[in-house]
There are 2 protein chains.
Amino acid sequence: MGIRAQQKERTRRALLDAAFNQLSAERSISNLSLREVAREAGIAPTSFYRHFKDMEELGLTMVDEGGLTLRQLMRKGRQRAEEGGSVIRASIETFMEFIDSNPNVFRLLLRERSGTSAAFRGAVNREVRHFIDELDHYLQAKANRRPDLAYAQAEALVVLVFSSGAEALDLNKKERKALAERLIIQLRMIAKGSDSLQRSGYE
Amino acid sequence: MGIRAQQKERTRRALLDAAFNQLSAERSISNLSLREVAREAGIAPTSFYRHFKDMEELGLTMVDEGGLTLRQLMRKGRQRAEEGGSVIRASIETFMEFIDSNPNVFRLLLRERSGTSAAFRGAVNREVRHFIDELDHYLQAKANRRPDLAYAQAEALVVLVFSSGAEALDLNKKERKALAERLIIQLRMIAKGSDSLQRSGYE
DNA sequence: CAAAATAGCGAACAGATGTAAGCTGAAAGA
DNA sequence: TCTTTCAGCTTACATCTGTTCGCTATTTTG
């Protein structure tokens, strides 16, 4: 890669990093300002356009990167789980670790899922769908779940875990503990219920 | 009430109505502008301050009103249900009707639940908690559910229904139908699973 | 080595935003 | 009836926003 393209990539990264860095509990993508992001990245506002057409384009890139981060992490978590122990429990733990160490990335996904940009909503939902599909496959393969039940179950699991994650963001450690225990009960309910529905469906 | 206070209430209402009216799929509370709201309400921007200290105060009022609307509707739905038929099914139908006829109010609650204002998040979560508590009571009283299971079950129900509502917003009628059927399966899973956990817990 | 391409810059503009200060006319209170 | 109160107005200001234009310096290309 030429010295020029290299430098270009560097400041593109700087822009993305600056944008991620400005996310917080009280700051979402939609109220990032082009000028502020450029300032933190150390370039003139007008140079922004050399890298992204729009703040929307920057935002989409952020959603994609955030989703990727999460997916990679979960993949690792699943590998770790398959070396012994409950897959579901391991997945939850991995997910909660993600929220704990990347709260702003999680907030990003959470918010844009119901945000004002259809493109963002679509992008986040595609990420969520990935999870559901992976779990769906797992349930069909390893638990011999009927396809319709497997999908419904997978979706319910993901929705509950996601929602708990969101709630955890505003809680202290002790409250999180209670939340996590409740979540496990809920996931067990779904597992048992799915079992039961599958059996009654075959009679 | 004096003719003066009456008029004041009228324009306060006009402000709130204008604000609600400007909500849409691509417009949330946080990107309403004081000036635009005032314009639509037919008053000068500076007169806004005679009614609300802030846009934040306006927003909190909107969240409260939105929550109230939803709660009243669900109360009616429950009454209708108790005259025969499944309570859960009736609740879902009522909820879906709410989303269908007040999509912007639902969007409001949905978004601010994960929004950038801690005050808003708190307000919405209180509303959601109301639901959970009501369902919790119902499950303990009518289904003899153990308290810890009842709460977990109630929460899971509400989370799934809420999440389905959110997803429904971007779907057409046919897709919504499939969504609703999946939701019912999921709620049945939870009901059965809760049953099963309760029984196994008493052995 | 000459010519073309381009990342980054500064200056500048038009528009929007929230909000402060002070006035006015009509209602409320004495 | 006279005085006080106050919802709403106009004017004005400072600040921030995104974006256009033209320039420069450096790398890339032919």
Side-chain angles (χ1 to χ4, degrees), chain A residues 1-24 26-63 111-112 115-120, chain B residues 1-24 26-63 111-112 115-120:
Chain A
M1 188 163 53
I3 194 169
R4 192 151 196 166
Q6 213 169 330
Q7 173 58 22
K8 178 162 187 180
E9 180 54 31
R10 279 247 247 65
T11 81
R12 182 190 148 95
R13 216 20 297 147
L15 281 169
L16 283 165
D17 289 346
F20 272 115
N21 198 41
Q22 294 189 4
L23 293 181
S24 72
E26 38 282 309
R27 207 109 199 280
S28 75
I29 284 196
S30 60
N31 39 44
L32 291 184
S33 116
L34 182 151
R35 287 179 105 105
E36 270 192 75
V37 170
R39 200 175 309 142
E40 177 162 339
I43 65 169
T46 53
S47 304
F48 178 92
Y49 297 103
R50 304 287 184 200
H51 303 272
F52 300 96
K53 176 183 150 254
D54 244 4
M55 281 300 285
E56 168 128 0
E57 197 174 288
L58 203 229
L60 271 177
T61 309
M62 292 173 77
V63 171
R111 283 181 178 149
E112 300 313 324
T116 52
S117 154
F120 286 14
Chain B
M1 187 162 56
I3 194 170
R4 192 152 194 167
Q6 213 167 330
Q7 173 57 23
K8 179 163 186 180
E9 180 54 31
R10 279 246 246 63
T11 80
R12 182 189 148 96
R13 210 32 287 150
L15 281 170
L16 284 164
D17 289 346
F20 272 114
N21 199 40
Q22 294 190 3
L23 293 181
S24 70
E26 39 281 310
R27 206 107 200 279
S28 77
I29 284 196
S30 59
N31 40 42
L32 291 184
S33 115
L34 184 151
R35 287 179 105 104
E36 269 192 77
V37 170
R39 198 177 308 140
E40 177 162 339
I43 64 170
T46 53
S47 304
F48 177 92
Y49 297 103
R50 304 286 185 198
H51 301 273
F52 301 96
K53 175 183 152 255
D54 246 2
M55 281 301 284
E56 167 128 1
E57 198 175 285
L58 203 230
L60 271 177
T61 309
M62 292 172 77
V63 171
R111 283 178 178 153
E112 300 313 323
T116 52
S117 153
F120 286 13

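So that the names make sense, note that chain A is the first sequence line, chain B the second, and so on, each numbered from 1. No hydrogens, no waters, no symmetry mates; every other heavy atom, side chains included, goes into these values. Here the structure is a predicted model, which is why all the values come from computation and not from measurement.
For the 3.5 Å distance criterion, the side chains of A/Arg10 and A/Gln7 qualify, holding a donor opposite an acceptor.
Scanning residues 49-57 of chain A for heavy-atom distances under 4.0 Å to DNA chain D yields A/Tyr49. Non-hydrogen atoms lying under 4.0 Å from DNA chain C are contributed by B/Ser33, B/Leu34, B/Arg35, B/Glu36, B/Arg39, all within residues 28-43 of chain B. The stretch residues 1-9 of chain A touches DNA chain C through A/Arg4, A/Gln7, A/Lys8, each having a heavy atom under 4.0 angstrom from the strand.
Among residues two or more places apart in sequence or in another chain, the side-chain hydrogen bond (donor to acceptor under 3.5 Å, both in side chains) test is passed with B/Thr61 by none. Remark: A/Glu57 pairs with no residue by the salt bridge (Lys or Arg N to Asp or Glu O under 4.0 Å) rule, at least two apart or across chains. Under the side-chain contact (heavy atoms from CB on, under 4.5 Å) criterion, A/Ile43 pairs with A/Leu15, A/Ala38, A/Ser47, sequence neighbours left out. Remark: B/Phe20 pairs with no residue by the ring pair (Phe, Tyr, Trp, His ring centres under 6.0 Å) rule, at least two apart or across chains. Scanning for side-chain hydrogen bond (donor to acceptor under 3.5 Å, both in side chains) contacts around A/Ser30 gives A/Ser28, with sequence neighbours left out.
Within the 4.5 Å cutoff, no side-chain heavy atoms of A/Arg35 are placed close to those of A/Phe48.
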Inset, instruction - Please report the C-alpha distance between B/Phe52 and B/Leu60 in whole Å, then the side-chain angles of each, then the deciding distance to 0.1 Å, and finally whether the side-chain contact (heavy atoms from CB on, under 4.5 Å) criterion is met. - result: CA-CA 10 Å; B/Phe52 301 96; B/Leu60 271 177; over 6 Å; no
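Scanning all heavy atoms of the two residues, the minimum distance from B/Ala41 to B/Ala18 falls at N-CB, 4.0 Å. Minimum interatomic distance between B/Arg27 and B/Glu36 (heavy atoms only, all atoms of both residues): NH2-OE2, 3.0 Å. Taking all atoms of both residues into account, the shortest heavy-atom contact from B/Met55 to B/Val37 is CE-CG2, 4.3 Å. In plain terms, the two heavy atoms of A/Glu112 and A/Ile29 that are nearest each other are OE2-CB, 3.6 Å.
A donor-acceptor pair under 3.5 Å is absent between the side-chain atoms of B/Arg4 and the main chain of B/Lys8, judged by distance alone.
Note on residues 37-56 of chain A: no pairs pass salt bridge (charged side-chain N to carboxylate O under 4.0 Å, His left out), not counting sequence neighbours. Residue pairs meeting the salt bridge (charged side-chain N to carboxylate O under 4.0 Å, His left out) criterion with at least one member in residues 13-22 of chain B, sequence neighbours excluded, are B/Arg13-B/Asp17, B/Arg13-B/Glu65.
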Inset, instruction - For DNA chain D, just give me the dot-bracket, please: Watson-Crick or G-U, both distances below 3.5 Å, ( ) intra-strand, [ ] crossing earlier pairs, | paired with another strand, . unpaired. - result: ||||||||||||||||||||||||||||||
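In summary, contact between chain A and DNA chain C, defined as any nucleotide atom under 4.0 Å from a heavy atom of the protein, begins and ends at C/dA5 to C/dA12 in the 5' to 3' direction.
Counting atom types as modelled, A/Thr46 pairs no side-chain N or O with a base atom of D/dT20 as donor and acceptor under 3.5 Å.
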